[in-house]
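Below: one structure, written as structure tokens.
Along the sequence shown, residues carry numbers from 1.
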Amino acid sequence: SPVIHTGGNYMCDGHSLGHSTTLVYDENSISDPQVDGYMQSYLGIQTYRVIPDIQISGIHHIDCWAKLLNEETILVKQVASGNTDYTRIENAVANMKTWTNCYGRRYRIVRIYCPTISGGVAAYTNGVVLNNKVLVPLFSTSYDGAALQAYQDALPGYEVVGFTGSWLSDDAIHCRV
């Protein structure tokens, strides 16, 4: 495929629904409909939701603020009301609440509080789901335990494992994988 696409900016439910931010269009020299067409012909994506990114700066990957946990659940960053991204995040959540999943039902939106850290906001949404295990970035804040619990509550039966590292607010486990 001639599409340039960073993995952290792509979420798929495994049932032909995909989600990305407009970064996918910005990274390519082909037209937006051509990008959509390649996503369909190469990846089988029938519905491709490309939405504006909520972050003013950074790498503009969707996984820095939202994570498709399964075909019916989206985990979305929650920040303090004084945060510069607050209104954009809440508007994105309102939009996501109107989306239907592959079963024709509304998505279940799960929120995860992400406190301010050096250089931005902790990207707890930037985790990886592999088989029956969830790898969650930890940021050495008092909210690490709550982040792990949010994943456990959203994905009962999964083993949730936290990892500390040199994570940034817009670069953690999912982006690096």
Minimum heavy-atom distance between His5 and Ser20, given as atom pair plus value: NE2-OG, 3.2 Å
His174 NE2 to Asn9 CG distance, which is reported to the nearest 0.5 Å: 10.0 Å
Which atom of Asn126 lies closest to which atom of Ala172, heavy atoms considered: OD1-C, 3.4 Å
Nearest-0.5 Å distance, CD of residue Gln40 to OG1 of residue Thr47: 9.0 Å
In one Ile/Leu/Val/Met/Phe/Trp/Tyr side-chain cluster, 4.5 Å: Val50, Ile30: yes
All side-chain contact (heavy atoms from CB on, under 4.5 Å) counterparts of Glu27, not counting sequence neighbours: Ile4, Thr6, Leu23
Set of ring-ring contact (aromatic ring centres under 6.0 Å, His included) partners for Tyr158, sequence neighbours left out: none
Summary of ring pair (Phe, Tyr, Trp, His ring centres under 6.0 Å) pairs that have at least one residue in residues 34-63, sequence neighbours excluded: Tyr38-Tyr42
side-chain hydrogen bond (donor to acceptor under 3.5 Å, both in side chains) involving Asp153 - partner list, sequence neighbours excluded: Gln149
Anything under 3.5 Å between a donor and an acceptor, one on a side chain of residues 127-141, the other on a protein residue two or more places apart or in another chain? List them.
{"from": "Thr141", "atom 1": "OG1", "to": "Tyr124", "atom 2": "OH", "distance (Å)": "2.8"}
{"from": "Thr141", "atom 1": "OG1", "to": "Tyr143", "atom 2": "N", "distance (Å)": "3.0"}

Side-chain touch Cys64/Ile59, heavy atoms, less than 4.5 angstrom: yes
For Asn83, side-chain hydrogen bond (donor to acceptor under 3.5 Å, both in side chains) partners two or more places apart: none
Residues that Ala154 engages under side-chain contact (heavy atoms from CB on, under 4.5 Å), provided they are two or more places apart: Leu69, Arg108, Val110
Side-chain (Arg88) to main-chain (Gln55) donor-acceptor, under 3.5 angstrom: no
Over all atoms of both residues, closest heavy-atom pair of Cys102 and Glu71: SG-CB, 3.8 Å
Tyr10 side chain reached by His19 side chain, heavy atoms, under 4.5 Å: no
Residue list, side-chain contact (heavy atoms from CB on, under 4.5 Å) with Asp26, at least two apart or on another chain: Thr22
Under 3.5 Å donor-acceptor pairs involving side-chain atoms of residues 159-167, not counting sequence neighbours:
{"from": "Ser166", "atom 1": "OG", "to": "Arg176", "atom 2": "NH1", "distance (Å)": "3.1"}
{"from": "Trp167", "atom 1": "NE1", "to": "Phe163", "atom 2": "O", "distance (Å)": "2.9"}

Backbone of Lys77 reached by a side-chain donor or acceptor of Arg111 within 3.5 Å: yes
Which atom of Gly18 lies closest to which atom of Ile45, heavy atoms considered: N-CG2, 3.8 Å
Partners passing side-chain hydrogen bond (donor to acceptor under 3.5 Å, both in side chains) against Ser31 (at least two apart in sequence or in another chain): Gln34
Test item: Lys97 and Arg106 side chains (from C-beta on) under 4.5 Å apart, heavy atoms: no
Counterpart residues, side-chain hydrogen bond (donor to acceptor under 3.5 Å, both in side chains), relative to Asn70 (two or more places apart): Thr73
Under 4.5 Å side-chain linkage, directly or through intermediates, the cluster mates of Ile74: Met11, Leu17, Ile51, Ile54, Ile62, Trp65, Leu68, Val76, Val79, Tyr86, Ile89, Val93, Met96, Trp99, Tyr107, Ile109, Val121
Heavy-atom check, side chain of Gln78 versus side chain of Cys114, under 4.5 Å: no
